[in-house]
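Note sheet for the following structure.
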Amino acid sequence: AAALVAVTPLVLDLFGYVSRRNIVGKILHKSFFPLVFCVMVFLPSIGLYLYIFEFSVFIFGPLAQSTPIGIISTLLMLWIYINQVYNYVFAVIQSPGRVISTKQPTQGVDQERICKICSTYKPSNTHHCSKCNSCTINMDHHCPYTNNCVGRQNFPFFYLFLSYGLLELICYSFISFSPFYSCFLNYSNQNPTTKNRCNVIDSNAILFIPIFMSCVAMLIFWTIQTLLLVHNLTTVQWWKLVLKGEWSSANVFTLSRGAGSNHRRITLDEFYAKLGVTSFSELLLPIPPVQLQRTLPPINYST
């Protein structure tokens, strides 16, 4: 049931794009999101519970949590869990960087920089979101799992949520493979001790399949976001390049200079700056939202 709820927002975006433009579609999506939010927070909790009380016991034995490796691995999974949930929550509640009308220049305004939908002056790299009905600076896309745009102010939280989520799924995939193989694929050749552990873990061993499938899906999405990030592109900018015929598969590794000023590899310092930090060590702990104001690149309000 939880997996079905988690997949539903993606289905709504894929097949309900037209209906979302009317009032019924918007009400349905907004009323459904609280359930999605609870599931997105609850699913990692289920994984942590299964690891501590079932998978680790299967691998390390009944006293797994009292052994050094059991304690270290549990603390590692708890650290990943806290960072994942923290970044997801702030990707939801943090403003993506909506354009403030008071920032509009009073003179020399290029009419092409005025939004044709909401009549707001758009700084550089600003896009109007039809779902939020507002302009967002450095908008990447509108995420159905956060019911929010992903933009300048919350992209660090969104990207770190993907990163920690992928790391968590990789760990769970490795951990859950052993009971899946022993209890389902090779049960008859196991010793009595392993068979007893299989009887304890029961059908939860088959959870390796949805965990691994989720890991592959998360890996694909994380890879796309990382490639766009290191190429200094948002999803919106990348799609515009595709429509103009200025992007090809070769651009992923060899960048063409004819595709616009943003189309270049960023330096490591720029990579950290886009995530609101100054070093890798700061990514290991939850990032305070106030820190982003000091470290994110400045907004270009020039005309």
Side-chain angles (χ1 to χ4, degrees), residues 1-14 35-61 64-65 69-70 72-88 91 141 143-146 158-191 194-229 252 283:
L4 180 61
V5 173
V7 172
T8 300
L10 186 59
V11 175
L12 286 175
D13 257 23
L14 289 176
L35 181 59
V36 175
F37 178 84
C38 293
V39 169
M40 294 298 291
V41 174
F42 184 60
L43 282 177
S45 304
I46 296 176
L48 186 64
Y49 171 84
L50 289 174
Y51 169 73
I52 294 176
F53 295 103
E54 296 200 19
F55 292 150
S56 63
V57 174
F58 181 91
I59 297 173
F60 303 119
Q65 301 310 317
I69 189 172
I72 293 174
S73 60
T74 299
L75 291 176
L76 174 63
M77 297 309 301
L78 185 61
W79 165 70
I80 296 175
Y81 167 78
I82 292 174
N83 277 280
Q84 180 192 7
V85 173
Y86 173 89
N87 285 292
Y88 173 72
H141 66 286
C143 179
Y145 291 99
T146 63
F158 178 78
Y159 183 78
L160 291 175
F161 159 67
L162 293 181
S163 301
Y164 280 107
L166 175 61
L167 181 60
E168 181 183 53
L169 288 170
I170 290 175
C171 292
Y172 287 156
S173 294
F174 277 107
I175 292 168
S176 60
F177 177 76
S178 178
F180 172 74
Y181 176 80
S182 300
C183 301
F184 280 91
L185 302 182
N186 198 30
Y187 180 79
S188 59
N189 296 326
Q190 301 302 318
N191 57 50
T194 302
K195 288 184 177 180
N196 289 334
R197 293 180 181 178
C198 286
N199 294 333
V200 173
I201 201 171
D202 198 26
S203 59
N204 285 333
I206 205 172
L207 288 175
F208 165 77
I209 296 177
I211 290 174
F212 180 74
M213 292 175 62
S214 300
C215 182
V216 172
M218 184 71 84
L219 176 61
I220 293 174
F221 193 41
W222 178 86
T223 301
I224 293 173
Q225 287 293 319
T226 302
L227 286 174
L228 292 177
L229 177 59
V252 175
L283 297 175

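Since the model is a prediction, treat every value here as computed from it, not as a measurement. Each residue takes its place number in the sequence, starting with 1.
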List the atom pairs, with distances to 0.1 Å, where a side-chain N or O of residues 178-185 and a protein N or O form a donor-acceptor pair under 3.5 Å, not counting sequence neighbours.
unit_1 : atom_1 : unit_2 : atom_2 : d
S182   : OG     : S178   : O      : 3.0

Side-chain touch W222/Y159, heavy atoms, less than 4.5 angstrom: yes
Mutual orientation of the aromatic rings belonging to F161 and F158 [parallel < 30°, tilted 30-60°, perpendicular > 60°]: tilted
Under 3.5 Å: donor-acceptor pair, side chain of Y88, backbone of Y145: yes
Minimum heavy-atom distance N87-N83, with the two atoms named: ND2-O, 2.7 Å
Approximate separation, where rounding is to 0.5 Å, of I224 CD1 and L229 CG: 13.5 Å
Flag side-chain contact, heavy atom, 4.5 Å: Q225 against H141: yes
Value rounded to 0.5 Å, distance of CZ in F221 from OG1 in T226: 10.5 Å
Contact summary for L167 and W79, nearest pair of heavy atoms: CD2-CZ3, 4.3 Å
Residues, nucleotides or ligands: over 12 heavy atoms within 6.0 Å of Y86 OH: yes
Closest heavy-atom pair and its distance - G165, Q84: CA-NE2, 3.7 Å
Smallest separation among heavy atoms of I211 and S173, with atom names: CG2-OG, 3.6 Å
Interatomic distance, I220 atom CD1 to C215 atom SG [nearest 0.5 angstrom]: 10.0 Å
Close side-chain approach of L283 to L160, heavy-atom, < 4.5 Å: yes
Atom pair OG (S163) and CD (E168), whose distance is rounded to the nearest 0.5 Å: 12.5 Å
Side-chain touch Y172/L48, heavy atoms, less than 4.5 angstrom: yes
Criterion side chain to side chain contact (heavy atoms under 4.5 Å, CB included) against S214, the qualifying member of L219, I209, L169: L169
